[in-house]
Amino acid sequence: MPKKKKTTRKKGRRTRIKSRKSVSRKPTRKRVKRALRRTSASFPLKKPKGTFDILPEEEKYWQLIRENSEEIAKLYGFKRIDVPIFEQRELFERGVGPDTDIVEKELYTFKDKSGREYALRPEFTASIVRAYIENGMHKWPQPIKLFAIGPLFRYDRPQKGRYRQFYQFNLEVIGSIDPLIDAELIKVVLRIYETFGLEALNLEINSIGCAKCRPEYIKILKDYYKIHTRSLCRDCKRRLKTNPLRLLDCKEDKCSQLANRAPSMVDNLCDDCHIHFKKVLEYLDELGIGYNLNTRLVRGLDYYTKTVFEIWPKGVMGFSSQNSLGGGGRYDLLVKELGGKEMPAVGFAGGIERTIEEMKRQEVMIKEEKPDVFLAQIGDGGKKRALRFYDELIEAGFNVSANFSKDSIKSQLRLADKEGVKWSLIIGQKEAIDKTVIFRNMESGMQEIIDQGKAIKELKKRIKKESI
Ligand code: HAM
């Protein structure tokens with residue numbers, strides 16, 4: 001027995017000493033590699049929370065939105081701009097507002113090696129205004145119309161329609177105070193959504209006044225809420241001090257009921273804002289654009305003045321900004337706030353993920369591009385010739401499908417069938433030697449032998465005839 005006790009103690013001591021030693025061991029390259037191998041086996045790498053992969057079968061939606069939004073924007077005079085994915089943190093603090101959720105809770109910030117503080121862009125507007133000022137765009141003929149598209153980052157609580165990396169298409173018009181510009185922007189935005197095949201979207205619109213009339217309204221709003229403070233949610237109690245306008249778009253039940261009865265900004269606008277808003281609505285009427293005057297719409301960014309608006313999906317009732325496909329409005333003070341000249345502006349951003357969800361909900365059909373022809377090969381000689389013929393077909397402008405890793409003609413033709421092509425071209429050993437190619441009509445199964453030299457001309461003729 002005593003012998004046994006001794007061994008146990010020894011073992012324990014040895015283990016403890018060993019583990020202490022391993023902590024102080026230098027992480028040599030070999031050790032790091034070994035550790036990485038161990039972790040990757042037990043924890044396969046995953047995408048970060050709140051992000052997603054766009055898989056090939058989803059790309060048709062993305063492509064349609066990218067192409068159509070930019071094309072329509074261009075037709076209406078917008079020029080493309082690309083801004084950095086990260087900017088000085090201060091830009092968003094000053095631009096979006098220090099008391100907004102985006103800046104308070106959702107910024108992805110980091111210090112670079114020189115100690116400078118940066119943030120991943122949570123939106124486009126502040127960056128575009130920074131670019132407008134920095135590049136002296138105020139000297140160009142005004143207004144400047146800019147279009148941007150790309151990823152943005154917000155440390156949000158991930159859920160349906162809310163991601164940490166998400167995408168927007170974005171339009172800004174900088175340099176005009178004319179209410180016609182607000183209405184024209186809304187028209188362009190609705191035109192863009194139309195080209196996505198979306199129907200019956202709701203335009204929600206409001207005015208949140210300017211630096212002259214809003215402070216007076218906020219006093220009225222605070223007075224209204226003071227007697228109801230105890231019924232407010234925790235966030236709203238805080239917002240009452242920091243950002244009282246945001247009480248109007250709280251989704252908590254009790255707060256929402258209070259917000260429905262709250263005094264509205266449109267009843268408290270100064271003459272200038274009142275006239276501006278009236279004109280925007282008149283222009284919308286003129287353009288035949290229906291809207292819902294939503295006095296609870298305030299938007300979640302601090303830079304807005306006068307007109308604010310959102311696009312809501314079909315059939316969404318009541319207040320729920322979570323569902324907005326996109327939103328925007330006027331920001332007449334932002335250019336000056338960020339160090340430029342006083343320059344009125346208005347803009348909009350559409351969320352691409354939510355737009356795709358709505359397209360799926362409305363069962364929008366997207367026509368997918370089918371290949372014109374399938375190129376099949378048999379045997380080594382056939383494969384070699386087909387490899388060159390593949391390039392010749394592509395250079396001649398055909399959309400060609402092929403699978404050189406498959407040897408069996410049966411499985412290649414099955415693929416061609418699946419892709420819905422009308423013609424398959426087959427090159428085997430014999431055809432490679434005879435310099436011919438087999439034309440197979442996939443509908444009738446009929447086959448013809450054509451000279452390789454004439455094959456491209458012949459295929460063009462047949463495809464052209466079928467498309468008439
Ligand atoms: P926003 O309302 O913050 O406005 O965002 C616009 C749209 O982006 C939302 O309506 C929504 O569709 C989408 N979105 C926002 N956050 C997320 C998220 N976490 N996940 C998925 N989609 C999201 C702006 O960004 C302003 N910069 C718009 C603007 C341009 N105002 C003037 N010019």
Side-chain angles (χ1 to χ4, degrees), residues 48-52 65 69 73 78 81 83 87 91-92 95-97 100-103 105-108 120-132 143-174 181-182 185-186 188-189 192-193 196 198 201-206 208 246 249 297-313 316 320-335 338 344-359:
K49 196 171 168 190
T51 67
F52 52 86
I65 292 175
S69 59
F78 286 78
I81 184 168
V83 287
E87 297 264 8
L91 171 67
F92 302 115
V96 178
T100 56
D101 282 354
I102 295 178
V103 167
K105 305 180 195 160
E106 298 169 5
L107 271 192
Y108 273 96
L120 297 183
R121 60 185 188 197
E123 59 123 34
F124 279 116
T125 313
S127 300
I128 291 175
V129 169
R130 195 260 318 128
Y132 174 91
I144 306 265
K145 294 176 162 184
L146 299 167
F147 172 85
I149 189 162
L152 304 132
F153 307 85
R154 294 183 191 175
Y155 187 77
D156 222 329
R157 198 154 45 88
Q159 52 192 288
K160 190 165 182 281
R162 212 163 264 277
Y163 306 95
R164 290 184 176 171
Q165 177 174 334
F166 62 97
Y167 293 73
Q168 287 180 346
F169 61 90
N170 184 97
L171 299 103
E172 308 291 352
V173 187
I174 309 178
I181 299 289
D182 308 27
L185 175 71
I186 292 173
V188 177
V189 165
I192 288 176
Y193 280 108
F196 300 157
L198 289 174
L201 302 178
N202 298 337
L203 167 63
E204 305 285 308
I205 195 165
N206 192 18
I208 57 167
R246 290 308 305 273
D249 71 358
L297 191 75
V298 291
R299 311 273 301 125
L301 304 98
D302 273 0
Y303 47 61
Y304 291 113
T305 48
K306 296 193 167 89
T307 319
V308 287
F309 64 99
E310 282 186 2
I311 305 295
W312 287 10
V316 168
S320 162
S321 71
Q322 199 130 311
N323 292 315
S324 82
L325 298 180
R330 248 188 193 278
Y331 51 95
D332 293 340
L333 308 175
L334 185 61
V335 182
L338 294 179
V346 59
F348 170 85
I352 298 188
E353 296 76 8
R354 293 189 198 176
T355 303
I356 291 176
E357 274 158 28
E358 181 62 10
M359 285 167 81

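Order of listing sets the numbers, starting from 1, for every ligand and every atom in it. Worth knowing before you read on, the calculation uses all heavy atoms, side chains too, and leaves out hydrogens, waters and symmetry mates.
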Checklist line | Under 4.0 Å to a heavy atom of Gly328 - the qualifying atoms of ligand 1, by number | finding: 31 (N)

Notebook entry, point to check: Measuring from the heavy atoms of Gly300, does anything fall under 4.0 Å of ligand 1?
Noted result: no

Next item on the list: Show the numbers, then the answer: is there a side-chain contact (heavy atoms from CB on, under 4.5 Å) between Ile102 and Arg154?
Entry: CA-CA 7 Å; Ile102 295 178; Arg154 294 183 191 175; 3.5 Å; yes

Next item on the list: Assess whether side-chain contact (heavy atoms from CB on, under 4.5 Å) is satisfied between Lys49 and Arg164, documenting all intermediate values.
Entry: CA-CA 7 Å; Lys49 196 171 168 190; Arg164 290 184 176 171; 4.0 Å; yes

Item checked: Atoms of ligand 1, numbered as shown, that sit under 4.0 Å from any heavy atom of Gly351 -> 7 (C), 8 (O), 12 (O), 13 (C)

Item checked: For Glu172, atoms of ligand 1 separated by under 4.0 Å from a heavy atom -> 30 (C), 32 (C), 33 (N)

Notebook entry, point to check: Out of Phe166, Phe348, Phe153, Tyr331, who gets a non-hydrogen atom closest to atom 22 (N) of ligand 1?
Noted result: Phe166

Note to self: With heavy-atom distances below 4.0 Å as the criterion, list the atoms of ligand 1 near Glu123.
What the structure shows: 25 (O), 26 (C), 27 (N)

Next item on the list: Under 4.0 Å, heavy atoms only, figure out whether ligand 1 is touched by the backbone of Tyr303, its side chain, both or neither.
Entry: side chain

Next item on the list: For Gly326, take its heavy atoms, then give the atoms of ligand 1 lying under 4.0 Å from any of them.
Entry: 10 (O)

Note to self: Strictly distance-based, threshold 3.5 Å: is any side-chain N or O of Asn202 a donor or acceptor partner for the main-chain N or O of Ile311?
What the structure shows: no

Margin query: For atom 4 (O) of ligand 1, which of the options Arg299, Glu310, Glu106 provides the nearest non-hydrogen atom?
Written below: Arg299

Notebook entry, point to check: Using 30° and 60° as the class limits, which term best fits the ring planes of Phe169 and Phe196: parallel, tilted or perpendicular?
Noted result: perpendicular

Note to self: Test side-chain contact (heavy atoms from CB on, under 4.5 Å) on Phe309 and Leu185; report intermediate values, then the result.
What the structure shows: CA-CA 11 Å; Phe309 64 99; Leu185 175 71; 4.0 Å; yes

Margin query: Could you report the tightest heavy-atom contact between Phe92 and Val103, atom names first, then the distance?
Written below: O-CG2, 3.4 Å

Note to self: Taking the side chain as everything from C-beta on, heavy atoms only, tell me whether Leu107 gets closer than 4.5 Å to Val96.
What the structure shows: no

Check: Only one of Thr125, Ile81, Leu146, Ile149 forms a side-chain contact (heavy atoms from CB on, under 4.5 Å) with Asn170, so which one is it?
Finding: Thr125

Checklist line | Aromatic ring pairing Tyr167/Phe52, orientation class (parallel under 30°, perpendicular over 60°, tilted between) | finding: tilted

Check: Ignoring hydrogens and geometry, is there a side-chain-to-backbone donor-acceptor pair from Arg354 to Lys160 under 3.5 Å?
Finding: no

Check: Is any N or O atom of Tyr304, backbone or side chain, closer than 3.5 Å to an N or O atom of ligand 1?
Finding: yes

Notebook entry, point to check: By number and element, which atoms of ligand 1 are closer than 4.0 Å to a non-hydrogen atom of Gly327?
Noted result: 10 (O), 28 (C), 29 (C)

Check: Taking heavy atoms and a distance under 4.0 Å, where does Leu152 meet ligand 1: side chain, backbone, both or neither?
Finding: neither

Notebook entry, point to check: Under 4.0 Å from any heavy atom of Asp156, which atoms of ligand 1 are there?
Noted result: 19 (N)

Checklist line | Option whose closest heavy atom lies nearest to atom 6 (C) of ligand 1, chosen from Glu357, Gln168, Glu353 | finding: Gln168

Notebook entry, point to check: Taking N or O atoms only and a 3.5 Å limit, does Phe124 qualify as a polar contact for ligand 1?
Noted result: no

Margin query: Check this for me - ligand 1, Asn170, N or O atoms closer than 3.5 angstrom, yes or no?
Written below: no

Notebook entry, point to check: Would you call Leu297 and Ile205 a side-chain contact if the rule is heavy atoms closer than 4.5 Å?
Noted result: no

Item checked: Side chain, backbone, both or neither: the part of Leu325 lying under 4.0 Å from ligand 1 by heavy atom -> backbone

